[in-house]
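Everything below concerns the one structure shown next.
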Amino acid sequence: MYHDESFGFRRPREFVFPDYTDTQLVNRHQNAALLRYVDSMRTHGHRAARIDPLDLIQREEVAALDPARYGLTDENQKYNVDGIIWTKPSVYVGRIAHEYMHSPSKTERLWFSHLLESEPSVPSVVGSSEKRRIHELLAKSEVFDNFLQLKFPNLKRYGLEGGESMLPALDSYFLSHLKASLARLTMPHRGRLNLLTGLLGYSPTASFTKLKDMGAEGDVLSHLVASPSLDYGSDSSIKVSLLPNPSHLEAVNPVALGKTRAKQYSLLKTSPDDCKLGDKVMCVQLHGDASFTGQGIVMEGLGLSKWARLCDFYYIDIISIGYTTPASGARSSFYCSDVGKMINAPVLHVNGDHPEDVVRAMNIAFRYRNYFRKDIIVDLLVYRRCHNELDIPDITSPLMYKKITARRSVPQQYEDKLISENVLDDKEISGLRTSYKSHLNSELAQVDSYDQWNGLVWPASKEANHTPETGVDRDTLVKVGKASIAVPPGFEIHSKLHRHIKNRMQSIDSGRGVDWASAEAMAFGSLMLEGCDVRISGQDVGRGTFSQRHAMLVNQKSEGVIVPLNDELAAQGKLELANSSLSEMAVLGFEYGASWENPNLLPIWEAQFGDFFNGAQVILSLDPLYYNLLKNCPAKWLRQSGLTLLLPHGLDGAGPEHSSSRLERMLQLTNDPFTNEGPANINMHVVFPTTPAQYFHLLRRQMKRNFRKPLVVASPKGLLRLSAASSTLADMEPGTSFQPVLSDPLANEMTVERVVILSGKIYYELIKERQARGLDERVAFVRIEELAPFPFSHLEKVLATYNSHAEFVYLQEEPRNQGAYTHLGYTPVVKYLGRKESALPAPGIGKLYAEQQREVIEQAFRGL
């Protein structure tokens with residue numbers, strides 16, 4: 001396997017924990033019975049821990065925890081525990097259960113046992129000021145839920161009742177991690193408003209405005225966000241960014257990972273070499289237990305944790321109770337956290353009825369993550385009074401909810417504890433609750449005068465530059481082109497790449513025959529010279545699925561890796577090639593998050609084949625949701641995305657699973673109008689370019705506009721090396737730009753009898769056939785290169801140049817119910833040519849494909 005240490009890589013920290021001394025090994029041998037008992041307690045103690053607040057978990061007696069099984073029957077006997085590290089069993093069977101013995105790392109197992117069994121290492125006493133802080137968060141959360149229930153009784157607010165311990169958990173973790181200075185946070189809908197208003201400082205007036213249906217189009221109540229700086233005194237603060245949460249409960253997880261990694265990426269340029277990914281930015285993810293075990297995106301995200309160019313900054317997962325479904329109906333595993341064992345993540349299960357124990361668990365989680373830079377899971381066992389406030393959960397869970405309705409709330413129980421400890425009295429408790437309720441009433445009164453769009457501008461304003469200059473001077477194109485194939489002395493490349501280098505050099509010297517990979521390299525390099533970073537991820541993107549890119553070169557002797565554009569240009573911007581795992585949804589979500597973080601980053605996700613996007617399309621379906629949050633005011637970079645998708649598309653006999661990028665689905669996800677209403681402010685662009693120069697301009701347009709929109713590219717396969725589908729350097733120089741519609745360069749507008757409107761690579765098959773038939777004067781082919789927004793005015797302008805008596809038809813190689821045809825609502829298109837409707841994107845038999853393709857081409861000329 002090659003060793004890629006190019007830009008973006010940081011060598012993982014190595015850990016060495018002292019092994020046992022000879023004296024300790026002798027003692028372990030002499031006290032083998034005690035050692036076996038201790039190891040059993042470490043391994044199985046979690047099964048006897050008191051972590052269920054409702055005591056509903058059915059647990060069998062754990063025989064392995066009986067000391068008599070090991071001959072340890074004398075309670076008064078003293079043991080030498082040197083090399084065993086033992087204090088008392090309660091640390092493993094209390095209100096925190098520790099699972100770490102499944103780790104294959106001896107160092108990590110020893111670290112945990114030392115930490116837990118050496119009492120001074122884990123603070124067992126929570127100070128008075130900390131207790132007051134915990135109480136404040138718990139009490140305000142309960143007051144907030146009660147207030148909403150009183151003022152908005154018919155609202156599904158997904159309150160936090162029963163799970164209030166989540167707030168001190170996060171608060172203590174942020175306080176511990178002030179060194180990071182930045183945190184990315186995701187969570188589902190339950191308790192979101194409590195977190196926003198209680199810990200993150202979100203304006204209650206803003207949330208009440210939304211509750212009164214005075215908010216924006218797309219941001220439903222459970223999707224609200226905030227990015228505050230939390231002040232912990234002594235000039236210590238941490239900026240926390242809570243990401244929007246879609247109703248796809250876990251789909252935002254990789255988005256947060258990508259957003260975190262993108263911030264780390266930008267910090268790499270100014271950080272010393274000993275700064276590890278994770279030192280400056282952290283990611284905390286909150287989950288429901290049902291979705292954590294039930295949704296595959298969780299497993300995909302965990303699978304990225306040790307990929308050098310994806311996560312490698314490590315994060316903490318906090319899982320709380322999900323719906324009212326019993327565990328037996330929600331998962332096959334005993335714990336909801338068991339999926340985390342696929343990456344050997346340690347798990348801390350903690351009883352949410354005891355907030356101080358929750359804080360202790362978070363302290364342990366912080367220490368582990370900070371030391372090892374690895375993922376850790378905190379399983380916060382809490383309950384919910386109901387799924388939502390209009391729900392009647394005891395219809396299906398009568399015994400559980402009989403217990404829940406009979407018990408005092410978590411804040412009330414904690415208040416009883418603090419009163420007994422003389423930390424608080426009834427008057428202080430009542431005063432805090434009354435004061436916060438008055439504050440909420442005051443905030444509610446301000447709803448009518450609240451302006452949530454103050455200071456923002458419209459995305460379709462005159463300031464938005466939709467057609468920036470994207471051409472580049474020839475000297476820069478030549479410089480970048482040559483840099484992209486520069487091989488340092490002594491670096492041995494694969495023998496087949498010599499032809500690749502020769503061909504590119506010839507096209508640069510002649511200024512003609514520039515292929516797709518060369519145009520792409522010139523776009524990347526020119527952006528880098530302008531200070532923009534470029535990141536492309538996907539499966540084997542360094543080489544390219546079709547062995548066309550070769551943006552990274554591997555030494556055939558040492559397997560060392562270089563990225564010529566980085567090494568030769570020495571530009572301010574950098575190119576990072578993230579060869580990813582066989583994951584689509586998580587990786588695309590990761591890049592989507594990266595696009596949110598840095599407007600000067602061009603993030604690209606390339607599918608091996610367009611239909612590989614099928615497993616990732618949930619992420620793109622989120623974009624209209626996120627976009628609608630700022631649909632009328634996306635001037636700030638906060639939620640704009642310049643994510644670019646390369647989806648290889650085109651019927652070529654490869655069968656139904658490697659032919660289509662499902663253009664029809666992409667177009668359905670846009671808000672592109674079917675009528676010409678002037679310039680459309682749509683949520684994303686969908687393009688089908690047919691020349692390298694068009695692709696070059698599209699990539700540069702993504703970064704040169706003063707706003708960001710996602711771009712979906714139906715990218716080529718067979719055209720990558722087709723000489724007819726090449727460009728010249730002149731096509732990319734100043735004064736040139738992307739053209740939404742391309743007229744026929746050969747046809748005679750006055751003699752044309754048929755104008756065929758089309759998109760994609762079939763154009764080159766058609767012009768070849770037209771030449772063979774001698775019909776250049778009678779048939780014209782007009783290419784629509786940008787499908788969304790549909791180029792009404794551009795197409796009208798081009799069609800107006802042709803003979804008014806000509807026949808106008810639309811042709812595509814995709815089946816009639818697929819491709820771009822269903823998106824067209826254009827009057828001059830009076831006749832469809834192409835394949836009939838089909839349930840498959842393409843036939844699976846090569847002979848049948850060839851017959852159908854011949855018939856499609858024949859239709860273009862039939863009757864002439």
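Nothing fancy with the numbering, it's 1 onward along the sequence.
Relative orientation of the Phe861 and Phe781 rings is perpendicular, given thresholds of 30° and 60° on the angle between their planes. Taking the six-membered ring where tryptophan is involved, the planes of Tyr821 and Tyr832 are tilted, since the angle between them lies from 30° to 60°.
Side-chain contact annotation: Ser743 with Tyr802, donor-acceptor N/O pair under 3.5 Å present. With hydrogens and angles left out, the side-chain atoms of Glu749 and Thr801 include no donor and acceptor closer than 3.5 Å. Looking only at atom types and distance, the side chain of Thr690 has a donor-acceptor partner in the side chain of Arg783 under 3.5 Å away. For the 3.5 Å distance criterion, the side chains of Thr545 and Gln608 fail to qualify, holding no donor opposite an acceptor. A side-chain N or O of Gln739 and one of Ser737 form a donor-acceptor pair less than 3.5 Å apart. A donor-acceptor contact under 3.5 angstrom links the side chains of Glu786 and His685, judged on distance only. With no hydrogens or angles considered, a side-chain donor-acceptor pair links Ser518 and Arg504 at under 3.5 Å. The closest side-chain donor-acceptor pair between Ser715 and His649, if any, does not fall under 3.5 angstrom. Side-chain contact, Glu606 with Ser537: no donor N or O sits under 3.5 Å from an acceptor N or O. Side-chain contact check for Gln853 and Glu765: at least one donor-acceptor pair (N or O, by modelled atom type) lies under 3.5 Å.
Electrostatic pairing of Lys836 and Glu814 does not count as a salt bridge here, judged by no charged N lying under 4.0 Å from a carboxylate O. Glu777 has no carboxylate O lying under 4.0 Å from a charged side-chain N of Arg770, or vice versa, which leaves the two without a salt bridge. Classification of Arg549 and Glu520 as a salt-bridged pair holds, one side-chain N sitting under 4.0 Å from a carboxylate O. Contact check on Arg700 versus Glu469 returns no salt bridge, with no Lys/Arg side-chain nitrogen under 4.0 Å from an Asp/Glu carboxylate oxygen.
A donor-acceptor pair is defined here as one N or O able to donate and one able to accept, closer than 3.5 Å; no such pair exists between the side chain of Lys761 and the backbone of Pro716. Looking only at distances, a side-chain donor or acceptor of Asn817 sits under 3.5 Å from a matching main-chain atom of Ser838. In terms of modelled atom types and a separation under 3.5 Å, the side chain of Arg754 and the main chain of Arg862 share a donor-acceptor contact. Asn579 places a side-chain N or O within donor-acceptor distance of the main-chain N or O of Gly542, the cut-off being under 3.5 Å. A side-chain donor-acceptor contact under 3.5 Å links Asp731 to the backbone of Thr728. Formation of a donor-acceptor pair under 3.5 Å by the Glu813 side chain with backbone atoms of Leu651 is found in this model. The main-chain N or O of Ile501 is never found under 3.5 Å from a side-chain atom of Gln506 such that the two would form a donor-acceptor pair.
Counting non-hydrogen atoms of other residues, nucleotides and ligands closer than 6.0 Å to CD of Glu858 gives a total above 12. More than 12 non-hydrogen atoms from other residues, nucleotides or ligands lie less than 6.0 angstrom from CZ of Arg816.
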Steps toward side chain to side chain contact (heavy atoms under 4.5 Å, CB included) verdict (Val534, Met528): CA-CA 7 Å; Val534 180; Met528 292 162 61; 4.3 Å; yes

Please report the C-alpha distance between Ile508 and Met522 in whole Å, then the side-chain angles of each, then the deciding distance to 0.1 Å, and finally whether the side chain to side chain contact (heavy atoms under 4.5 Å, CB included) criterion is met. CA-CA 11 Å; Ile508 293 171; Met522 292 175 185; 4.0 Å; yes

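With contacts defined as side-chain heavy-atom distances shorter than 4.5 Å, the pair Leu775/Glu769 does not qualify. Residues Glu785 and Pro740 have side chains not in contact (no heavy-atom distance under 4.5 Å, counting atoms from C-beta outward). Side-chain atoms of Val755 and Val809, non-hydrogen and from C-beta on, never get closer than 4.5 Å to each other. The shortest distance between side-chain heavy atoms of Lys717 and Asp652 falls below 4.5 Å. At least one side-chain heavy atom of Leu663 sits less than 4.5 Å from a side-chain heavy atom of Leu787. Contact annotation: the side chain of Ile757 never approaches that of Leu811 to less than 4.5 Å [non-hydrogen atoms, C-beta and beyond]. In this structure the side chain of Thr644 never reaches within 4.5 angstrom of the side chain of Trp605, judged on heavy atoms. Side-chain atoms of Val541 and Ile604, non-hydrogen and from C-beta on, never get closer than 4.5 Å to each other.
With respect to Glu597, the salt bridge (Lys or Arg N to Asp or Glu O under 4.0 Å) criterion is satisfied by exactly one of Arg708, Lys259, Arg535: Lys259.
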